[in-house]
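All remarks here apply to the structure that follows.
The basis for the numbers below is simple: all heavy atoms, side chains too, and nothing from hydrogens, waters or symmetry mates. Lettering of chains follows the sequences in order, A, B, ..., and the numbering in each one begins at 1.
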2 protein chains.
Amino acid sequence: MTSYITLLKKSGLKATFQRLHILEVVDKYGHMTIDEIYDKVIKVHPSLSVATIYKNIIIMVEKGVLVEVPIMGRKPKYELSKLDHIHMVCTQCGEVEDLACTKEMNQILETLTKEVHFMLVKQQFNLYGICSHCQSKNVVQK
Amino acid sequence: MTSYITLLKKSGLKATFQRLHILEVVDKYGHMTIDEIYDKVIKVHPSLSVATIYKNIIIMVEKGVLVEVPIMGRKPKYELSKLDHIHMVCTQCGEVEDLACTKEMNQILETLTKEVHFMLVKQQFNLYGICSHCQSKNVVQK
DNA sequence: CTTCATGCAAAAAATTTGCATTTTG
DNA sequence: CAAAATGCAAATTTTTTGCATGAAG
């Protein structure tokens, strides 16, 4: 908790309970949509208003505390800022899992973008498929 | 034009003027948001309704004719289906350019996902940065 | 005690739906 | 012709805004 406070203050934001709860929930679940965050936070803080969620997500993304993870065919999710990594999106259950980027990949991308004079700042990789959990569920059901 | 007709019919969709215009516009500009598509198509087909745009984007994505390209902090764009490739998104002008995937990258991803038992079906890579065009504009302005 | 954040309600924007009419194959 | 698609208007859903009140530093 105390680390979230530091994080917010470093970013020039006041450490309100609403923000702390949002960060806690996002951290705990890894990747969440706005309404998933709202549903979770309202349980521990029933007076929370949707407007506050929206305002906070927006400002925390602006300040770099959160990162928006856009996903094909679904609502975007949000995660805590961390080193660039790969997202494995399960097209069945919608869950997102992280995978570390390899050094080789980063080098390849650096080379490729340099060739076309694109000033690379950030990368987002989404892999779509079926997660191991859904795969085993599918086998059982058949 | 005639190839779009074939494409639609192969996908089990009737080749209406509305759909042909949508495909033409998306093909011409590469990557477009729903309202960009609407704005362009309405010029050649003024009676077009927004509902038709939505219905068609949805069904053409379902049928695999179009692909949704989700983008951090912006509305999703749509493109014609083609081999997986990398998107370079300019954070300044919002334009999206394509970059071919390399064989090495695909192999790395295959290995990585196999390790964690993720059944990989499709990939989407977004690189965010400043396109060469905006870079030169920026220099001039300073 | 000043600045910033919240919550509420209203407004605006984006998307979806139902249905009568038209178009396509 | 039958099936599918369109256009319109209304209904939902999602997001944004303004402002009075309350909390944080």
Side-chain angles (χ1 to χ4, degrees), chain A residues 1-25 32-63 65-66 68-78, chain B residues 1-2 4-25 32-63 65-66 68-78 94:
Chain A
M1 335 274 111
T2 182
S3 70
Y4 298 140
I5 297 180
T6 316
L7 175 60
L8 287 168
K9 292 197 181 162
K10 268 199 311 187
S11 311
L13 298 173
K14 288 188 176 171
T16 63
F17 287 111
Q18 290 82 343
R19 286 178 186 158
L20 294 174
H21 284 137
I22 291 173
L23 293 178
E24 245 169 51
V25 162
M32 302 194 82
T33 62
I34 289 199
D35 49 291
E36 284 167 352
I37 296 170
Y38 180 69
D39 290 349
K40 288 292 179 193
V41 177
I42 210 172
K43 282 183 185 154
V44 299
H45 194 117
S47 72
L48 181 88
S49 107
V50 214
T52 299
I53 289 279
Y54 276 99
K55 286 172 186 167
N56 279 323
I57 299 288
I58 291 168
I59 201 168
M60 290 197 281
V61 167
E62 249 172 48
K63 299 292 184 178
V65 177
L66 292 179
E68 184 190 313
V69 181
I71 299 173
M72 194 176 59
R74 295 182 183 265
K75 295 190 195 154
K77 302 201 177 202
Y78 296 86
Chain B
M1 336 278 112
T2 182
Y4 297 140
I5 297 180
T6 317
L7 175 60
L8 287 169
K9 292 197 180 160
K10 266 200 311 188
S11 311
L13 298 173
K14 289 189 175 173
T16 64
F17 286 111
Q18 290 84 340
R19 285 177 185 160
L20 294 174
H21 285 137
I22 291 174
L23 293 177
E24 246 169 50
V25 161
M32 304 195 81
T33 62
I34 290 200
D35 48 291
E36 284 166 351
I37 296 170
Y38 180 70
D39 290 349
K40 289 292 180 194
V41 177
I42 209 170
K43 283 184 185 154
V44 300
H45 194 117
S47 72
L48 181 88
S49 107
V50 214
T52 300
I53 290 277
Y54 277 99
K55 286 172 185 167
N56 277 323
I57 299 288
I58 291 168
I59 201 169
M60 289 196 282
V61 166
E62 249 173 48
K63 299 291 183 179
V65 176
L66 293 179
E68 185 190 314
V69 181
I71 299 173
M72 193 177 59
R74 296 181 182 266
K75 295 187 195 158
K77 301 202 177 202
Y78 296 87

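- At the heavy-atom level, K9(A) lies under 4.0 Å from the strands shown only through sugar-phosphate atoms.
- Using a 4.0 Å heavy-atom cutoff across all strands shown, D35(B) reaches no nucleic acid atom at all.
- H21(B) has no side-chain polar atom (N or O) that falls below the 4.0 Å cut-off from OP1 or OP2 of dT6(D).
- The phosphate of dA5(C) (OP1 or OP2) has no side-chain N or O of K55(A) nearer than 4.0 angstrom.
- When the side-chain nitrogen and oxygen atoms of T16(B) are compared with OP1 and OP2 of dT6(D), one or more of them lie within a distance under 4.0 Å.
- Distances shorter than 4.0 Å separate some side-chain N or O of Q18(B) from OP1 or OP2 on dG7(D).
- One can place CD1 of I22(B) at 12 Å from P of dA5(D), the figure rounded to the nearest angstrom.
- Using a 4.0 Å heavy-atom distance criterion, I34(B) is classed as making no nucleic acid contact.
- Between E24(B) and V41(B), every side-chain heavy-atom pair lies at or beyond the 4.5 Å cut-off.
- Contact annotation for T52(B): base contact, defined as any heavy-atom pair under 4.0 Å involving a base atom.
- Between the side chain of K14(B) and the base of dA3(D) there is at least one donor-acceptor pair of N/O atoms closer than 3.5 Å.
- OP1 or OP2 of dT15(C) sits under 4.0 Å from a side-chain N or O of Y54(B).
- The phosphate of dC8(C) (OP1 or OP2) has no side-chain N or O of S49(A) nearer than 4.0 angstrom.
- Results of the side-chain hydrogen bond (donor to acceptor under 3.5 Å, both in side chains) test with N56(B) over R19(B), H21(B), Q18(B) single out R19(B) as the only residue that passes.
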